[in-house]
There are 2 protein chains.
Amino acid sequence: MWLRAFLEVARQGSFTVAARTLGWTQSAVSRQISSLEGALGGGPLFDRLPRGVRLTEAGRVLVPYAEGVAEALQGAGRELAALREVAGGRLRFGAFATADAALVPHALAAFRARHPGVEVTREEGFTPGLLDRLTAGHLDLAVVSTTGGARLEAYELHHLLDESLYVAVPGGHVLAGGGPVRLGRLADADWISGSPRPEGTLLEVALRQGFRPRVAHVVGEWTAKQGYVAAGLGVTLVPALAAESVRPDVVLLPVLDEGAPARAVYAATVRGRSSAPAVEAFVGALREAVGRIPHASPHTPPHPSPPTSRTMA
Amino acid sequence: MWLRAFLEVARQGSFTVAARTLGWTQSAVSRQISSLEGALGGGPLFDRLPRGVRLTEAGRVLVPYAEGVAEALQGAGRELAALREVAGGRLRFGAFATADAALVPHALAAFRARHPGVEVTREEGFTPGLLDRLTAGHLDLAVVSTTGGARLEAYELHHLLDESLYVAVPGGHVLAGGGPVRLGRLADADWISGSPRPEGTLLEVALRQGFRPRVAHVVGEWTAKQGYVAAGLGVTLVPALAAESVRPDVVLLPVLDEGAPARAVYAATVRGRSSAPAVEAFVGALREAVGRIPHASPHTPPHPSPPTSRTMA
DNA sequence: GGCTGCCATGCCGAACTCGCATCCGTCAGT
DNA sequence: ACTGACGGATGCGAGTTCGGCATGGCAGCC
C-alpha cells in the first residue's frame with residue numbers, strides 16, 4: 001500500500017532500494033508514489049534526481065503524518081493481538097453474593113495471575129439485576145444461579161456447578177452432630193430467610209418437600225443470618241458455595257435431596273453477542289475454581305459437576 | 001476504503017445507514033467490514049444484531065486508532081492544501097548584502113503580509129556561497145548577481161533586474177555636481193574596493209573600459225566604504241540597489257555604460273528540483289519589489305527591467 | 001401471518017495492482 | 001567522446017479486488 005511505499009522511499013531516498021526492502025519491484029513502488037502524488041494533487045512528493053529521489057517540501061510535510069498513520073496502525077495491531085492473547089482489554093463481570101465467598105475470588109486470583117494485562121471490574125448483585133446489566137451491555141459476563149426465577153433461557157449459559165444445600169443450625173441444636181437430614185424434619189422450625197416468602201429463594205425447596213416454612217426473621221446479609229442462627233433464633237439454608245465461610249458455632253447439616261439438585265450456577269453471557277477472549281478465559285478460570293473449592297464441605301461427599309458447557313434451548 | 005466504512009458504521013451502529021451516509025451501497029459496507037475483520041484476524045469487530053450492529057470489544061479497541069489514522073490523514077490533507085495556497089510550510093532563502101538594502105526588505109514585507117502562515121528564514125552571503133547552500137539543499141531560493149563569476153548556468157534563474165552602477169565620490173570632488181560620467185575619467189583615482197584585485201567584483205567593468213583601477217584601500221563593509229569615500233580617501237562603485245542608503249556627504253554619479261549593464265540580479269533555484277509554491281510567490285514578491293524601489297536613484301532615469309523569467313542554457 | 005428492516009452473499013463488469021520487459025536520461029570510466 | 005551502469009518511467013498482460021445489483025435469510029412488529 002502507498003503508506004509503506006512512501007515511508008520506505010522517504011527513508012531510503014531511492015525507489016529501487018525501497019522496493020528491494022519491501023520485497024516489491026521498482027515499478028510497483030514507482031506507481032504507488034505516482035498515484036499517491038496524483039491523489040494528493042499537490043505536485044510531486046519527491047524530486048527525481050539522477051541518483052535516486054529526494055523529498056520535496058510537500059513530501060517533507062507529509063512524512064510526520066504518514067509516520068503517525070503507520071504508528072496508529074501498528075498500535076492497533078499490537079493491541080488487537082494483546083486482546084487475542086488475553087493480555088489486554090477489559091473484562092466487566094458481576095456475580096451474586098455467595099459466589100463471591102470463594103468461587104469468584106479463586107477464579108479472579110488465577111485469572112489475574114495469568115492475564116495481568118486485562119483490566120477487570122467486578123460488580124455484585126442479584127441474578128435478575130445482573131442479567132439486565134448484561135443485556136444493557138454494562139457487563140460482559142455474569143455469574144448467576146437458577147434461584148430467583150430469572151429468565152435464563154435468553155442467555156448463553158456456561159454451566160459451572162450444581163450446588164448442594166446445607167441447613168445451618170445452632171451449635172446446641174438437636175440435629176447438630178447428626179448426619180445429613182431430610183428437610184421435612186425442619187418443617188416446624190423457625191426459619192431465617194432473606195424474604196418473608198420462600199418463592200424465588202433457596203427456601204423454595206421446602207415447598208417441594210411439602211411444607212411452607214415459617215419465616216421468623218427476615219435477614220438478608222449472610223453474616224447477620226449466621227448471627228441469628230448462632231443465637232438460636234432459627235435455622236437457615238446455606239448454599240454450598242457459602243459453606244466455607246461459616247462461623248464455628250454454627251453447624252451445617254447436608255440436606256438430603258431427592259432428585260434434582262437445589263440450584264445450578266452458570267456463567268452467563270448475552271446470546272449471539274461475541275465475547276472477548278478474556279471472557280472465555282475467565283469462564284475457564286471459574287471452572288478451575290469450581291474444582292478447587294471444597295463445595296463438598298464437612299459431612300458430605302464431593303458433589304461432582306459436569307465440566308461441559310451447556311446452552312439452554 | 002475500510003477506514004471510513006469502519007468509523008461510519010461505528011458511529012451509526014448500522015451498515016445500511018453508514019452506507020447511505022457514505023453514498024455507498026449496503027453490500028459494499030458489509031464487504032469492507034467483513035474483509036477488515038478477516039484481515040485483522042481477531043474475530044468480528046461488530047456484533048450483528050437484529051437492529052443494526054454493535055461494536056465488540058475488538059471493535060471498541062480499534063476505534064481510537066482508526067480515529068487517529070483518520071485525523072492524521074485529514075491533517076495531512078489540510079497541511080498540503082495550506083502548502084498549495086502558500087498558507088503554510090517554510091521558505092528558506094538567501095541574498096547578497098546589497099539586495100538586503102531595499103529589494104529584499106520590500107519583497108519580504110509584502111510576502112509576509114500576504115502569506116503569514118509561511119515560516120521564512122533568511123541568510124546573507126556572497127553569490128557563490130549562496131549557490132552552494134542552494135545545491136546542498138539548505139536554501140530554497142537565493143537572490144544572486146552575476147558579479148563574482150559564479151557558475152550560474154547550472155541553476156534555474158528568474159531574472160529580477162539589470163543593475164546600473166554609480167560612482168561614489170566625496171562631496172567636494174571635482175566631478176560632484178556634474179552629470180553621468182564615463183568610468184575612464186576615474187582611471188587615475190584611488191579606489192576603495194572589497195578586494196585588492198578587480199576581477200570578480202564590480203570593478204571588473206573598469207577592465208572593460210581599458211584601465212586597471214588602483215585599489216588604495218580594501219574595505220568590505222558598505223558603511224565603512226562610505227566612510228572612506230566621505231573622508232576623501234578614494235572613490236568606489238555603488239550598485240543601484242544600494243544607492244538608496246547612501247550618506248548625504250557622499251555624491252553618487254551615474255556611470256555611463258556603453259552596451260551591457262553592469263550586472264544582472266536573479267532569483268535562483270536548483271534546476272529540476274521542484275519548488276514549493278511559496279518560492280514562486282516569493283519570486284513574484286521580488287518582482288513587485290523591483291518595481292517599487294527607486295533603483296533609478298537621483299540623477300538617472302529609471303532603468304527598466306524585463307519582467308520575463310529566463311533560464312540560462 | 002404477512003410485512004419490514006437489516007445484514008450476507010452469489011454474480012458480473014469495471015478498476016486496480018503488480019510483475020515483466022523495455023525505454024530514457026544521467027553519470028562515470030576509458 | 002563513447003559506452004556501460006544505474007535509477008526511474010511506462011506499455012502490456014494477468015490476477016485480484018471492488019462495487020453494484022439482485023436475492024436470500026433472519027428477527028421483530030403490526
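Chain letters run A, B, ... following the sequence lines, proteins first, then strands; residues in each count from 1.
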State, with a plain yes or no, whether a side-chain heavy atom of F93(B) is found less than 4.5 Å away from one of V120(B).
->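 Yes, close enough: below the 4.5 Å cut-off.
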With a 4.5 Å limit on heavy-atom distance, are the side chains of L202(A) and E204(A) in contact?
->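 Contact flag for L202(A)/E204(A) side chains = no.
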Report the distance from atom [atom1] of [X] to atom [atom2] of [N], rounded to the nearest whole Å.
{"X": "D47(B)", "N": "dA8(C)", "atom1": "CG", "atom2": "P", "value": "11 Å"}
{"X": "L36(B)", "N": "dC18(D)", "atom1": "CG", "atom2": "P", "value": "11 Å"}
{"X": "Q12(B)", "N": "dC6(C)", "atom1": "CD", "atom2": "P", "value": "12 Å"}
{"X": "R20(B)", "N": "dC7(C)", "atom1": "CZ", "atom2": "C1'", "value": "13 Å"}
{"X": "E37(A)", "N": "dG8(D)", "atom1": "CD", "atom2": "P", "value": "13 Å"}
{"X": "R271(A)", "N": "dA27(D)", "atom1": "CZ", "atom2": "P", "value": "11 Å"}

Please work out whether the ring planes of F6(B) and F46(B) are parallel, tilted or perpendicular, with thresholds of 30° and 60°.
->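 Geometry flag for F46(B) against F6(B): tilted rings.
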In residues 21-34 of chain B, which ones come under 4.0 Å of DNA chain C, going by heavy atoms?
->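 Under 4.0 Å from DNA chain C: Q26(B), S27(B), S30(B), R31(B).
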If you check every side-chain atom of F15(A), which of dG8(D), dC27(C), dC6(C) has the closest atom?
->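 Selected nucleotide (nearest to the side chain): dG8(D).
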For side-chain contact (heavy atoms from CB on, under 4.5 Å), just list the numbers for V144(B) and V265(B), CA-CA rounded to whole Å, side-chain angles, deciding distance to a tenth of an Å, and then say yes or no.
-> CA-CA 6 Å; V144(B) 299; V265(B) 176; over 6 Å; no
Counting only side-chain N and O atoms of R51(B), is one of them less than 4.0 Å from OP1 or OP2 of dG5(C)?
->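 Answer is no, no contact under 4.0 Å.
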Describe the nucleic acid contact of S35(B) in one word from base, sugar-phosphate, nothing, applying a heavy-atom distance below 4.0 Å.
->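 Nothing: the residue S35(B), judged by heavy atoms under 4.0 Å, touches no strand.
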Does T56(B) use its side chain to pair, donor to acceptor, with the backbone of L45(B) at less than 3.5 Å?
->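 Checking the backbone N and O of L45(B) against the side chain of T56(B), a donor-acceptor pair under 3.5 Å is found.
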Can the ring centroids of F96(A) and F126(A) be said to lie less than 6.0 angstrom from one another?
->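 For F96(A) and F126(A), the ring centres are not under 6.0 Å apart.
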